[in-house]
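Not measured: the values here are computed from a predicted model. Here is how names work: the chains are called A, B, and so on, in the same order as the sequence lines, proteins then strands, and each is numbered from 1.
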2 protein chains.
Amino acid sequence: MSDAQINEAARLFSILSEPSRLKLLRALMDRPLTVTELIEATEMKQGNVSKHLGVLLSARFVAREREGNFARYCIADKNVYKLCDVMCCRMEEAARRVAEEFGVS
Amino acid sequence: MSDAQINEAARLFSILSEPSRLKLLRALMDRPLTVTELIEATEMKQGNVSKHLGVLLSARFVAREREGNFARYCIADKNVYKLCDVMCCRMEEAARRVAEEFGVS
DNA sequence: CAACTATATTTCGATACAGCAATATGCAAG
DNA sequence: CTTGCATATTGCTGTATCGAAATATAGTTG
């Protein structure tokens with residue numbers, strides 16, 4: 001595991017470290033959506049949606065497909081699902097730990 | 001998936017989004033290490049090692065065990081391995097994609 | 001081509017956090 | 001208790017990036 005690989009991993013994690021981008025991914029996990037639909041789904045400003053999609057696109061976490069005047073985005077990397085699954089797992093475990101802590105004491 | 005959960009996931013990803021912290025985790029994946037050993041392994045400044053370990057500790061990604069004057073840290077959450085595995089996978093896939101692209105054309 | 005819509009990009013003020021250096025705390029031995 | 005080492009914390013400066021707003025680009029239609 002070289003330093004360059006560490007840096008790249010950090011960069012990829014950092015792309016997933018913004019609530020706005022996770023919201024976009026969450027919306028796209030149901031089905032591919034256009035920018036307009038994503039604006040509605042996430043209640044974010046158009047410029048920011050576009051900007052964040054650009055970040056996700058450049059990392060190839062999502063892919064873009066032009067449809068006339070529209071741009072439809074979809075999840076392009078199955079690892080996104082895996083990463084989110086593991087993280088959700090972790091959050092559930094943490095919640096369970098806290099619950100037990102209070103339940104026992 | 002509530003907004004609060006999204007925020008928490010983002011926070012956890014952000015903890016993994018620093019090369020310094022990934023270096024520490026990588027070192028700890030072999031075996032538990034003291035701060036002094038981590039300083040040697042990562043060539044980071046003592047203050048920064050301590051600070052980053054604090055962040056990892058507060059998120060319970062690592063655990064601390066006092067040994068006299070020393071503090072020995074270890075990975076406390078198996079999901080760390082999973083998350084890093086998936087990310088490494090992803091990076092290999094990306095590398096392979098690039099290689100093929102150049103190989104074919 | 002002009003007007004309209006969807007998307008992308010740029011600019012800007014505010015915030016977050018990294019690394020460094022200095023300092024503080026805690027434990028152990030003499 | 002004082003000295004010394006391991007670790008933690010604090011203050012600081014610089015950099016990165018967010019959201020909002022404004023502006024630019026691109027495709028469609030009349």
Engineer: Compare the minimum distances between each of C/dA8, C/dT5, D/dT7 and the side chain of A/Ala71, then state the nucleotide with the smallest one.
Structural biologist: C/dA8
Engineer: Between D/dA6 and B/Gln46, counting only base atoms on the nucleotide and side-chain atoms on the residue, is there a donor-acceptor pair under 3.5 Å?
Structural biologist: no
Engineer: Closest approach to the side chain of B/Thr34, judged atom by atom: which nucleotide of C/dA6, C/dC20, D/dT7 is it?
Structural biologist: D/dT7
Engineer: The side chain of B/Val35 lies closest to which of these nucleotides: C/dT7, D/dA8, D/dG4?
Structural biologist: D/dA8
Engineer: What are the two closest heavy atoms between B/Leu33 and B/Leu28, and how far apart are they?
Structural biologist: N-CD2, 3.7 Å
Engineer: To the nearest Å, how far apart are B/Leu53 CG and C/dG19 C1'?
Structural biologist: 15 Å
Engineer: Does A/Lys51 put a side-chain nitrogen or oxygen below 4.0 Å from OP1 or OP2 of C/dT9?
Structural biologist: no
Engineer: Examine C/dT7: is either OP1 or OP2 under 4.0 Å from a nitrogen or oxygen in the side chain of A/Arg72? Give yes or no.
Structural biologist: no
Engineer: May I ask you to verify if any side-chain N or O of A/Arg66 is less than 4.0 angstrom from the OP1 or OP2 atom of D/dA26?
Structural biologist: no
Engineer: Of all the choices, D/dT7, C/dA8, C/dT5, which nucleotide is nearest to the side chain of A/Ser50 once you look at every atom?
Structural biologist: C/dA8
Engineer: Can you check whether B/Ser20 has a side-chain N or O nearer than 4.0 Å to OP1 or OP2 of C/dG19?
Structural biologist: yes
Engineer: Touch check for B/Gly47, heavy atoms < 4.0 angstrom, all strands: base, sugar-phosphate only, or nothing?
Structural biologist: base
Engineer: To the nearest Å, give me how far apart CG (A/Leu16) and C1' (D/dC18) are.
Structural biologist: 17 Å
Engineer: For B/Glu43, does the CD atom have more than 12 heavy-atom neighbours from other residues, nucleotides or ligands under 6.0 Å away?
Structural biologist: no
Engineer: Quick check on D/dG19: is either OP1 or OP2 less than 4.0 Å from any side-chain nitrogen or oxygen of A/His52?
Structural biologist: yes
Engineer: Between D/dA20 and A/Asn48, is there an OP1 or OP2 to side-chain N/O distance shorter than 4.0 Å?
Structural biologist: yes
Engineer: Distance check needed: C/dT7 P versus A/Ile39 CD1, whole Å only.
Structural biologist: 7 Å
Engineer: Main chain of B/Ile15, side chain of B/Arg21: is a donor-acceptor contact present, judged purely on distance under 3.5 Å?
Structural biologist: yes
Engineer: Among the candidates C/dT7, C/dC27, D/dG27, find the nucleotide nearest to the side-chain atoms of A/Asn69.
Structural biologist: D/dG27
Engineer: Using 4.0 Å as the upper bound for N to carboxylate O, is an ion pair formed by B/Lys82 and B/Asp77?
Structural biologist: no
Engineer: Could you give the CD-to-C1' distance, from B/Glu65 to D/dA6, as a whole number of Å?
Structural biologist: 16 Å
Engineer: Salt bridge check, B/Glu93 against B/Arg90: does any charged N sit closer than 4.0 Å to a carboxylate O?
Structural biologist: no
Engineer: When we call it a touch if two heavy atoms are under 4.0 Å apart, what does B/Arg21 touch: a base, just sugar-phosphate, or nothing?
Structural biologist: sugar-phosphate
Engineer: Starting at the 5' end of DNA chain D and moving along, which residue's nearest nucleotide shows up first, A/Lys45 or B/Leu57?
Structural biologist: B/Leu57
Engineer: Can you tell me which nucleotide in D/dA6, C/dA6, C/dG19 comes closest to the side chain of A/Thr36?
Structural biologist: C/dA6
Engineer: Figure out the CG/P separation between A/Leu33 and C/dT7, and round it to whole Å.
Structural biologist: 11 Å
Engineer: Applying a 4.0 Å non-hydrogen cut-off, can you work out what B/Glu18 is touching in the nucleic acid: base, sugar-phosphate, or nothing?
Structural biologist: sugar-phosphate
Engineer: Could you check how far CD of B/Glu67 sits from P of D/dT7, rounded to whole Å?
Structural biologist: 10 Å
Engineer: Nearest-Å distance, CZ (B/Arg11) to C1' (C/dT15)?
Structural biologist: 18 Å
Engineer: Starting from C1' on C/dA8, measure out to CG on A/Leu56 and report it in whole angstrom.
Structural biologist: 15 Å
Engineer: Please confirm whether the shortest side-chain N or O distance from B/Tyr73 to OP1 or OP2 of D/dA6 is below 4.0 Å.
Structural biologist: no
Engineer: Does the pair B/Arg97/B/Glu100 count as a salt bridge with the N-to-O cut at 4.0 Å?
Structural biologist: no
